[in-house]
Structure formats: C-alpha cells, structure tokens
Student: 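Starting off with a structure, shown below.
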Amino acid sequence: MKASLLETKSFAFAGRIVRLYRHLLEHHGAVKALLLQALRAGTSIGANVAESTDAESLRDFISKRSIARKEARETEYWLRLLHETGYLTTEEFTSIHADCVELLRLLTSSLRKQRARLQAEKNRP
C-alpha cells in the first residue's frame, strides 16, 4: 500500500529532526535538554501518524492524529525557542519551521474531515 502524503512528509520531517539534533548537539552540547525535547516531539509526529493508519476505529484514528497534531505544535514551540535563543540560524529555522507548519495544516485538515465523518455517523438513524 502506498504511503499517504502525510505519512511521507511526517517521516521525512522526523529524519530532519534527527539530523538537526545531531548537528546542534555537535555544536551546542550545552542545550541537550532542549534538543531532546525537540527530538522527542518531532519524531513523535510521524510515529502517531503511522499508528493512526492501523487504528481500530474512527475514534482511535482521530485520537492518534490529535496526538500527532499536539506533538507538531510542541515541536514548533521548541524550534521557535531554539531560533530565538540563537541555536538555530534564521535560514535553518525558516526551512524546518515551514515543514512543521505544513504538517500542522495537513493534520488539521485530516482531523476536520474525520471529525465531520464521525459526527455524520452519530447523526445516522
């Protein structure tokens, strides 16, 4: 089965986060705690998207995608903090932040569609 756009992009984003972690750890070892937070949240997005593909129900699917969206929001926070404190250059931040925002948009769209579907199922006689 072919991976969805969201699955592909969230996996690629996780790879970028891992590479960013390695790069910044080499150059700024003192911020390891911040980097670990960004690493955990950034890789969790794709993991929850992957889990949602095998959801046991529509509610389970929505739950996993909601967690992925929360993790994306948290990742955005850590990226902004790393940029604001000078650990990420504007160029580095702009590129990876754009990917994070794109994931947030894709997740929001997916959740809206599935929540509407759940509501429609509830309203069936």
Side-chain angles (χ1 to χ4, degrees):
M1 185 167 91
K2 185 179 176 187
S4 72
L5 179 64
L6 183 55
E7 290 173 277
T8 302
K9 287 187 176 277
S10 62
F11 185 82
F13 184 77
R16 285 193 75 187
I17 288 289
V18 169
R19 289 186 294 279
L20 176 68
Y21 173 82
R22 275 197 327 236
H23 169 75
L24 291 179
L25 192 58
E26 287 174 14
H27 296 92
H28 306 286
V31 296
K32 188 173 183 177
L34 289 176
L35 295 176
L36 279 172
Q37 290 294 111
L39 178 69
R40 287 182 183 125
T43 56
S44 180
I45 300 164
N48 279 288
V49 168
E51 282 187 45
S52 74
T53 62
D54 287 328
E56 295 176 5
S57 66
L58 184 54
R59 287 183 187 275
D60 187 33
F61 179 91
I62 291 169
S63 175
K64 298 287 191 253
R65 291 281 168 107
S66 294
I67 292 168
R69 189 177 186 288
K70 288 176 184 180
E71 295 294 340
R73 183 63 68 196
E74 181 181 343
T75 302
E76 182 186 27
Y77 171 84
W78 293 118
L79 293 173
R80 286 183 17 244
L81 183 61
L82 288 166
H83 178 247
E84 180 66 28
T85 55
Y87 292 105
L88 279 179
T89 67
T90 297
E91 184 179 336
E92 291 167 332
F93 172 76
T94 300
S95 175
I96 199 162
H97 183 258
D99 286 352
C100 189
V101 168
E102 182 180 17
L103 286 174
L104 279 165
R105 287 185 184 132
L106 289 168
L107 287 162
T108 299
S109 175
S110 172
L111 283 165
R112 280 188 186 136
K113 288 176 189 170
Q114 298 309 319
R115 286 177 178 148
R117 185 174 155 211
L118 182 63
Q119 190 61 40
E121 286 179 8
K122 284 181 183 179
N123 292 336
R124 279 194 197 130

Student: Testing the basics here: between L82 and T85, what is the closest heavy-atom pair and its distance to 0.1 Å?
Tutor: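 Minimum heavy-atom separation between L82 and T85: O-OG1, 3.4 Å.
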
Student: With no hydrogens and no angle check, do the side chains of S110 and R69 hold a donor and an acceptor under 3.5 Å apart?
Tutor: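 Their side chains do not contain a donor-acceptor pair, so the 3.5 Å distance test is not met.
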
Student: Between the main-chain N or O of S4 and the side-chain N or O of E7, is there a donor-acceptor pair closer than 3.5 Å?
Tutor: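 Between the backbone of S4 and the side chain of E7 there is a qualifying donor-acceptor contact (under 3.5 Å).
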
Student: Looking at CG of D99 and OG of S10, how far apart are the two atoms once the value is rounded to the nearest 0.5 Å?
Tutor: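 Atom-to-atom, D99:CG and S10:OG are 11.5 Å apart.
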
Student: When rounded to the nearest 0.5 angstrom, what distance separates NZ in K64 from CG in D54?
Tutor: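 So the NZ of K64 and the CG of D54 are separated by 10.5 Å.
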
Student: Do L20 and L79 have side chains that approach each other closer than 4.5 Å (heavy atoms only, starting at C-beta)?
Tutor: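 L20 vs L79: side chains touch.
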
Student: Please tell me if the side chains of F61 and R117 come closer than 4.5 Å, counting only heavy atoms from C-beta onward.
Tutor: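 F61 does not reach R117 side chain to side chain.
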
Student: Please report the C-alpha distance between R80 and E84 in whole Å, then the side-chain angles of each, then the deciding distance to 0.1 Å, and finally whether the salt bridge (Lys or Arg N to Asp or Glu O under 4.0 Å) criterion is met.
Tutor: CA-CA 6 Å; R80 286 183 17 244; E84 180 66 28; over 6 Å; no

Student: Measure the CD1-CG distance between I45 and L106 for me, rounded to the nearest 0.5 Å.
Tutor: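 Separation between the atoms: 11.5 Å.
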
Student: How many angstroms lie between atom CG of D60 and atom CD of E51, to the nearest 0.5 angstrom?
Tutor: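 CD of E51 is found 8.5 Å from CG of D60.
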
Student: State, with a plain yes or no, whether a side-chain heavy atom of T89 is found less than 4.5 Å away from one of T94.
Tutor: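 No, their side chains stay 4.5 Å or more apart.
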
Student: With sequence neighbours excluded, what pairs up with E102 under the side chain to side chain donor-acceptor pair (under 3.5 Å) test?
Tutor: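 Once residues adjacent in sequence are excluded, the partners of E102 under the side chain to side chain donor-acceptor pair (under 3.5 Å) criterion are K9.
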
Student: Would you compute the distance between atom CG of L5 and atom OG of S109 and round it to the nearest 0.5 angstrom?
Tutor: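 Spacing of CG (L5) from OG (S109) equals 10.5 Å.
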
Student: Are the side chain of T43 and the backbone of L39 linked by a donor-acceptor contact shorter than 3.5 Å?
Tutor: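 Yes, because the side chain of T43 sits within donor-acceptor range (under 3.5 Å) of the backbone of L39.
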
Student: Hey, are the side chains of I62 and L111 touching, using non-hydrogen atoms and a 4.5 Å cut-off?
Tutor: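 Touching, per the 4.5 Å side-chain cut-off.
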
Student: Could you check whether atom CZ of R16 has more than 12 heavy atoms from other residues, nucleotides or ligands sitting under 6.0 Å from it?
Tutor: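 Result for CZ/R16: enclosed.
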
Student: Within the supplied structure, the quantity of interest is the number of heavy atoms (other residues, nucleotides, ligands) at a distance under 6.0 Å from F11 CZ; does it exceed 12?
Tutor: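 Count not over threshold, so no.
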
Student: Are side-chain heavy atoms of L25 and V31 found at a separation under 4.5 Å?
Tutor: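 No, their side chains stay 4.5 Å or more apart.
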
Student: Treating Ile, Leu, Val, Met, Phe, Trp and Tyr as nodes and any side-chain heavy-atom pair under 4.5 angstrom as an edge, say whether L58 and I67 lie in one connected cluster.
Tutor: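 Unlinked, L58 and I67 end up in two clusters.
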
Student: Would you give the length of the straight line joining atom CG of N123 to atom CG of L118, rounded to the nearest 0.5 angstrom?
Tutor: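 Taking CG in N123 and CG in L118, the distance rounds to 9.5 Å.
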
Student: Would you kindly confirm whether F93 and V101 end up in one hydrophobic cluster when ILVMFWY residues are joined by side chain heavy atoms under 4.5 Å apart?
Tutor: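 No, F93 and V101 fall in different hydrophobic clusters.
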
Student: If only side-chain N and O atoms count, and only distance matters, is there a donor-acceptor pair under 3.5 Å linking R115 with S66?
Tutor: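 Their side chains do contain a donor-acceptor pair, which is all the 3.5 Å distance test asks for.
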
Student: Classify the side-chain pair N48/S52 by whether it contains a donor and acceptor separated by less than 3.5 Å.
Tutor: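 Side chains of N48 and S52: no pair found under 3.5 Å.
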
Student: Show me the donor-acceptor pairs, under 3.5 Å and distance only, between side chains in residues 70-78 and residues at least two apart or in other chains.
Tutor:
{"residue": "R73", "atom": "NH1", "partner": "E76", "partner atom": "OE1", "Å": "2.7"}
{"residue": "E74", "atom": "OE2", "partner": "W78", "partner atom": "NE1", "Å": "2.9"}
{"residue": "T75", "atom": "OG1", "partner": "A41", "partner atom": "O", "Å": "3.4"}
{"residue": "T75", "atom": "OG1", "partner": "G42", "partner atom": "N", "Å": "3.1"}
{"residue": "T75", "atom": "OG1", "partner": "E71", "partner atom": "O", "Å": "2.8"}
{"residue": "E76", "atom": "OE2", "partner": "H97", "partner atom": "NE2", "Å": "2.9"}

Student: Does E92 reach the side chain of H23, with side-chain heavy atoms less than 4.5 Å apart?
Tutor: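 Yes - at least one pair of side-chain heavy atoms lies under 4.5 Å apart.
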
Student: Walk me through whether L103 and L6 qualify under side chain to side chain contact (heavy atoms under 4.5 Å, CB included).
Tutor: CA-CA 7 Å; L103 286 174; L6 183 55; 3.9 Å; yes

Student: CD of E121: more than 12 outside heavy atoms within 6.0 angstrom?
Tutor: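 Atom CD in E121 is crowded, with more than 12 foreign heavy atoms closer than 6.0 Å.
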
